[in-house]
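Report on one structure; see the data block that follows.
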Amino acid sequence: MEKYRPEKIEKKWQKIWEEMDVFRALDKSKKPKYYVLVEFPYPSGEGLHVGHCRSYIGLDILARKRRMQGFNVLFPMGWDAFGLPTENYAIKTGIHPAIATKKNTTNFKRQQKNLGLSFDWKREINTTDPLYYKWTQWIFIQLFKKGLAYKAKMPINWCPSCKIGLANEEVIDGKCERCGKKATRKEREQWFLKITKYADRLIQDLDKVDYPERVKISQKEWIGRSEGAEIKFPIPVFTTRPDTLFGCTYLVLAPEHPLIEKLKHKIRNYKQVKDYIEKSKKKIEKERIAEDKEKTGIELKGIKATNPVNNRKIPIFIADYVLMHYGTGAIMAVPGHDQRDFDFAKRYNLPIIEVIKPKDSKYDPSKQAYEGEGILINSGRFTGMKSEQAKQRITEWLTRKGSAKTAVHYRLRDWIFSRQRYWGEPIPMIKCEKCGWQPVPEKDLPVELPKVKGYKPTKSGESPLAKVKTWIKVACPECGNAGRRETDVMPNWAGSNWYYLRYCDSQNDKKLAGAKLLEKWMPVDWYNGGMEHTTLHLLYSRFIYKFLWDIGAVPRGVGPEPYKKRTSHGIVLGEGGIKMSKSKGNVINPEQVIKEHGADAMRIYEMFMGPFEQMIPWDTKGVKGVRRFLQKVWQLSEKIQNPNAKIQNPKLIHKTIKKVSEDIENLKFNTAVSALMILANGLEKQKEISEKDYSLFLILLSPFAPHITEELWERAGFKGMCCEQKWPKYDSKLVKEKKITLVIQINGKVRDKIEVEADISEKEAKKIALSRDKVLKYTRGKEIKKTIFISGKLINFVI
RNA sequence: GCCCAGGUGGCGGAAUGGUUUACGCGCAUCACUUAAAAUGAUGUGAGAGAAAUCUCAUGUGGGUUCGAGUCCCACCCUGGGCACCA
């Protein structure tokens with residue numbers, strides 16, 4: 001028999017699949033639908049990463065299995081192509097980002113096709129295509145019309161190197177997420193999206209979806225809902241601990257608090273206060289809240305606040321560890337029961353009053369604050385009450401007096417949605433002196449990105465679009481007078497918020513997607529992507545989906561959540577367990593692996609290397625082992641020469657059907673591959689293999705190694721295509737073993753093993769076991785106190 | 001500091017409370033070969049022993065149980081995320 005040559009057969013079958021359009025998702029089919037989604041990649045210049053492949057191959061196996069199970073499967077692919085690396089490349093080389101994107105997507109697509117992935121390429125989308133971003137812009141306009149997009153001046157995180165405003169989420173360790181340079185702050189007008197309005201629903205609806213628990217937890221924590229009260233001092237202050245109000249001895253305001261400017265004529269030390277404010281303005285947020293830093297602050301001399309529970313006058317400070325955008329930008333300080341306040345009070349010699357009696361007596365109130373709950377002390381008529389009850393009663397009492405109300409605050413902030421860059425969707429807004437911000441009329445969408453000479457942001461930090469005078473000038477859609485276009489563009493998350501909807505109806509030019517097709521395909525049945533997207537992309541896209549559902553752009557019947565089930569794949573590390581990176585020179589190029597060992601070997605290795613959800617180091621030797629396995633599979637075909645060969649191994653086959661079927665559903669691809677190897681080893685030992693056994697083996701292997709199985713299927717002269725066969729069901733009778741190895745234990749230690757019928761009774765097992773020499777060695781002269789018998793497994797004697 | 005995940009051979013890892021180390025890699029010996037590669041066969045947790053066999057091993061220390069990698073408690077280490085959030 002000729003040698004296994006993947007390079008020959010893989011190209012052949014990829015071509016046939018394409019020509020016969022076998023992976024097409026059918027809009028009109030009567031079969032039940034199944035929507036499999038993998039995160040679409042950012043087509044970088046580096047090409048496909050072996051980590052991308054992990055997600056694609058795993059879900060491709062699932063998609064292929066679903067098709068064989070009789071589902072009409074939608075498994076699409078596209079490009080999330082707006083973004084900084086391409087723009088930075090344009091700045092460096094002068095090559096237009098659209099040209100670089102075209103080149104990169106062509107490269108990615110070729111690499112994906114080489115892997116034999118069963119995407120429906122007829123639905124391919126690209127976020128940088130004006131016909132696509134027309135709808136991204138349309139969504140923005142709807143958000144604006146509903147009051148969910150607004151412009152506000154805000155001290156934002158600013159990267160002096162990228163010349164771009166950064167969302168808080170994009171600043172890592174005080175540095176710009178993309179370039180790694182130190183971030184500072186800058187005042188700027190920015191568009192914001194009111195994701196906070198959806199905070200409660202984003203938490204509640206997590207109950208309706210099947211996500212890993214840790215993903216749900218991190219989304220909840222990111223949103224950070226906390227219930228408490230807003231107390232008037234009369235400056236409003238948010239607290240979750242109204243039970244500690246009697247211990248409040250001063251207030252602290254954020255340096256940006258508007259009250260400071262308002263009351264400046266009353267503040268006696270205003271000059272020093274101003275200095276402090278200026279200093280804190282320069283610090284980025286992470287620096288302000290860094291833990292090891294000494295807490296600094298300054299008292300506002302000349303003004304006082306009043307604690308409403310006892311009408312005491314208390315001093316007011318400003319300190320940069322208090323943040324303007326959380327709560328009300330002011331806190332009540334309870335040094336007895338909050339460690340930050342305690343440290344601050346010690347430093348500035350402020351009174352510390354204990355108002356909660358600690359539960360544990362070991363604690364020393366002169367050394368640290370007691371942050372737990374307990375019984376109230378020194379709290380007027382609330383003394384003796386438990387914290388939980390006191391929270392409620394004090395809030396009620398103050399509410400009646402008009403100096404409090406219950407309140408809920410979130411840690412989640414509104415989403416900064418503008419970038420002063422070029423390679424993004426232009427924000428479709430026009431500013432008119434008379435009418436204010438007006439959306440571009442929908443008939444004029446898309447607002448296409450104009451050609452520019454250079455891609456660098458202006459020195460003032462404005463988008464390069466600000467230099468295109470002819471493009472900026474436009475008539476106000478409301479009054480017709482001269483207006484100005486918005487020159488900021490959207491962040492690269494914009495296009496990925498709704499892309500899974502577009503796949504359902506990718507050619508529609510009237511709507512972002514037609515209601516009928518959305519109803520047919522949505523929601524996504526299974527969505528896989530990186531763990532790093534759980535708090536950004538996954539949360540943002542749920543928010544945008546909910547909005548589109550609210551305004552009827554997605555039909556009511558689809559339900560409030562876009563993704564039924566979400567899983568994550570572990571990243572692939574370089575050999576030796578360190579992260580793959582260009583600088584370390586340990587990047588594995590999937591194309592090279594395919595060239596050397598074939599796509600099937602690459603696919604199986606990526607699944608076999610370890611648990612799908614865990615991060616695993618790459619091991620080139622492992623690919624060789626998998627290649628050997630495929631070689632063995634190739635040679636099995638020699639054993640089916642005799643068409644009258646009897647079915648010889650139904651037991652092993654049916655066990656494998658069970659194992660592989662269940663493992664795919666649980667993303668346990670590594671053990672599924674192992675089961676297929678065991679089956680292949682078993683078949684190899686036989687003199688001949690029946691056609692029935694052989695065809696079942698090929699079917700089971702085909703989602704993992706689609707090319708070799710298709711080729712062997714054809715060579716065996718079987719009908720149709722292997723990938724279109726019915727997924728087999730196992731016979732539960734055949735899965736059970738008749739003879740088993742019964743383990744004999746003495747006091748829980750294995751002392752002997754016997755071959756017996758699987759359904760052997762306890763009495764009989766005991767009889768046989770106690771006659772064995774090895775057992776007698778231990779039991780002779782001893783009393784058997786107890787016998788534990790687990791049918792089909794073991795018998796244990798306690799002596 | 002808090003939250004999450006994890007710690008099993010030389011390596012990647014497997015294991016519904018019931019034979020620890022499946023499957024694969026690597027290594028060793030043998031066969032084929034002038035030789036190497038490839039392929040095939042056998043072996044391969046550690047210690048003791050000529051062998052049968054015995055003892056000890058799932059990060060550490062306790063506990064529950066006839067029996068614990070698995071359940072409970074405390075701790076150590078690694079990776080990831082969050083962090084003056086009022």
Side-chain angles (χ1 to χ4, degrees), chain A residues 3 172 212-215 217-218 220-222 224-226 228-229 231 237-241 244 248 251-252 285-286 288-293 295 319-323 325-334 337-341 343-344 409-413 531-532 534-535 570-571 573 575-577 579 604-605 608-611 613-626 628-629 631-632 635 668 670-678 680-681 740-753 774 777 785-790 792-799:
Chain A
K3 246 188 110 185
I172 292 168
E213 204 46 42
R214 59 189 166 130
V215 170
I217 289 169
S218 68
K220 277 182 198 161
E221 276 187 1
W222 194 267
R225 183 182 204 274
S226 57
I231 317 277
V237 158
F238 175 70
T239 180
T240 53
R241 295 294 302 271
T244 64
C248 167
L251 290 195
V252 189
E285 191 173 307
K286 302 253 167 156
R288 280 176 54 169
I289 60 186
E291 189 173 71
D292 47 353
K293 197 201 65 170
K295 288 153 186 56
D320 63 10
Y321 73 89
V322 175
L323 306 173
H325 54 71
Y326 188 82
T328 60
I331 60 159
M332 60 174 220
V334 185
H337 303 285
D338 182 295
Q339 194 56 39
R340 295 160 300 165
D341 299 343
D343 295 342
F344 194 85
H409 281 262
Y410 302 92
R411 171 184 186 163
L412 182 73
R413 295 166 208 158
M531 203 58 201
E532 70 275 19
T534 35
T535 45
I571 59 169
L573 302 169
E575 276 182 279
K579 228 175 163 176
I604 293 189
Y605 174 64
F608 184 58
M609 65 198 299
E613 302 190 275
Q614 201 173 294
M615 54 171 147
I616 307 281
W618 184 268
D619 177 15
T620 301
K621 284 177 192 140
V623 189
K624 269 166 76 181
V626 163
R628 255 176 235 161
F629 162 65
Q631 196 84 41
K632 192 180 281 177
Q635 270 148 8
K668 290 171 81 175
N670 52 335
T671 49
V673 172
S674 150
L676 288 163
M677 285 174 168
I678 292 169
N681 289 343
I740 53 115
T741 307
L742 190 79
V743 171
I744 305 170
Q745 296 184 335
I746 313 284
N747 288 346
K749 289 203 173 184
V750 180
R751 295 301 179 189
D752 201 2
K753 294 167 194 177
K774 285 182 189 166
K777 206 170 112 186
K785 284 191 193 149
K786 199 171 165 187
T787 307
I788 292 117
F789 178 73
I790 309 290
K793 279 259 161 70
L794 60 78
I795 185 159
N796 184 15
F797 300 107
V798 184
I799 56 171

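A, B, ... follow the sequence lines: proteins, then strands. Residue 1 opens every chain.
The salt bridge (Lys or Arg N to Asp or Glu O under 4.0 Å) search around A:Arg628 returns none, not counting sequence neighbours. The side-chain contact (heavy atoms from CB on, under 4.5 Å) check on A:Lys632 picks up A:Asn681, A:Glu684, with sequence neighbours excluded. Every residue two or more places apart in sequence or in another chain that forms a ring-ring contact (aromatic ring centres under 6.0 Å, His included) with A:Tyr605 is listed here: A:Trp618. Every residue two or more places apart in sequence or in another chain that forms a side-chain contact (heavy atoms from CB on, under 4.5 Å) with A:Asp752 is listed here: A:Ile744, A:Arg772, A:Lys774, A:Val775. A search for salt bridge (Lys or Arg N to Asp or Glu O under 4.0 Å) contacts involving A:Asp338 returns A:Arg340, not counting sequence neighbours. The side-chain contact (heavy atoms from CB on, under 4.5 Å) test applied to A:Thr787 returns A:Glu762, A:Lys766, A:Ile784, A:Ile795, A:Phe797, not counting sequence neighbours. With sequence neighbours left out, the ring-ring contact (aromatic ring centres under 6.0 Å, His included) criterion links A:Tyr410 to no other residue. Remark: A:Glu221 pairs with A:Ile217 by the side-chain contact (heavy atoms from CB on, under 4.5 Å) rule, at least two apart or across chains. A:Arg751 meets the salt bridge (Lys or Arg N to Asp or Glu O under 4.0 Å) test with no other residue; sequence neighbours excluded.
Taking atom C1' in both B:rU64 and B:rC72, one finds a spacing of 7 Å when rounded to whole Å. Here the separation of B:rC71 from B:rC4, taken at their P atoms, is 15 Å to the nearest Å. Nucleotides B:rG81 and B:rA37 place their P atoms 44 Å apart, quoted to the nearest Å. Remark: the separation of the C1' atoms in B:rC3 and B:rU8 is 26 Å, to the nearest Å. Between the C1' atoms of B:rG69 and B:rG59, the separation comes to 12 Å (whole Å). Taking atom C1' on both nucleotides, B:rA38 is separated from B:rA31 by 14 Å, rounded to a whole Å. The separation of B:rG45 from B:rG10, taken at their C1' atoms, amounts to 10 Å, rounded to a whole angstrom. Using C1' as the reference atom, B:rU44 and B:rU34 are 31 Å apart when rounded to the nearest Å.
With rounding to whole Å, A:Gln631 atom CD is found 17 Å from B:rC25 atom C1'. The distance from atom CD1 of A:Ile231 to atom P of B:rA86 is 14 Å, rounded to the nearest whole Å. Rounded to a whole Å, the CD1 atom of A:Ile616 is 13 Å from the C1' atom of B:rA14. Going from atom CD1 of A:Ile571 over to atom P of B:rG79 covers 13 Å, rounded to whole Å. Atom CE of A:Met615 is separated from atom P of B:rC4 by 17 Å (rounded to the nearest Å). Between the CD atom of A:Gln614 and the P atom of B:rU8 there is a distance of 10 Å, rounded to whole Å. In this structure, A:Phe629 places its CZ atom 15 Å from P of B:rU39, rounding to the nearest Å. Between the CD atom of A:Glu213 and the C1' atom of B:rC3 there is a distance of 13 Å, rounded to whole Å.
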Given Watson-Crick and G-U pairs under 3.5 Å, RNA chain B in dot-bracket ([ ] crossing, | other strand) is (((((((..(((.....[....)))((((((.......))))))((((....))))..(((((..]....))))))))))))....
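Glycosidic conformation, B:rG9: syn, with the torsion inside 90° of 0.
Taking only side-chain nitrogens and oxygens, A:Lys668 comes nearer than 4.0 Å to OP1 or OP2 of B:rA15.
Take the nearest nucleotide of RNA chain B for A:Gly610 and for A:Met531: the residue whose nucleotide is more 5' is A:Gly610. Judged by closest nucleotide on RNA chain B, A:Arg411 is the one of A:Arg411 and A:Arg241 placed further toward the 5' end.
Listed nucleotides: B:rC66, B:rA86, B:rG13. Nearest to the side chain of A:Pro611: B:rG13.
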Whether each nucleotide of nucleotides 19-24 of chain B has a protein heavy atom under 4.0 Å at its base (B), only at its sugar-phosphate (S) or at neither (-) is summarised, 5' to 3', as BS-BBS
What does nucleotides 47-59 of chain B look like as a protein-contact string, B for base, S for sugar-phosphate only, - for none, at under 4.0 angstrom between heavy atoms? ------SSSS---
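Distance CG/A:Leu676 to OG1/A:Thr671: 10.0 Å, rounded to 0.5 Å. Interatomic distance, CZ of A:Phe789 versus CG of A:Leu794, reported as 8.5 Å (0.5 Å rounding).
Looking at heavy-atom distances under 4.0 Å, A:Thr239 makes contact with sugar-phosphate atoms alone, never a base. Residue contacts shown for A:Arg214 are limited to sugar-phosphate atoms, with no base heavy atom under 4.0 Å away. As judged by a 4.0 angstrom heavy-atom cut-off over every strand, A:Ile790 is placed among the base-contacting residues.
For the residue pair A:Pro617 and A:Met609, the shortest heavy atom distance occurs at O-CE, 3.7 Å.
Taking the six-membered ring where tryptophan is involved, the planes of A:Tyr326 and A:Phe238 are perpendicular, since the angle between them exceeds 60° and thus also 30°.
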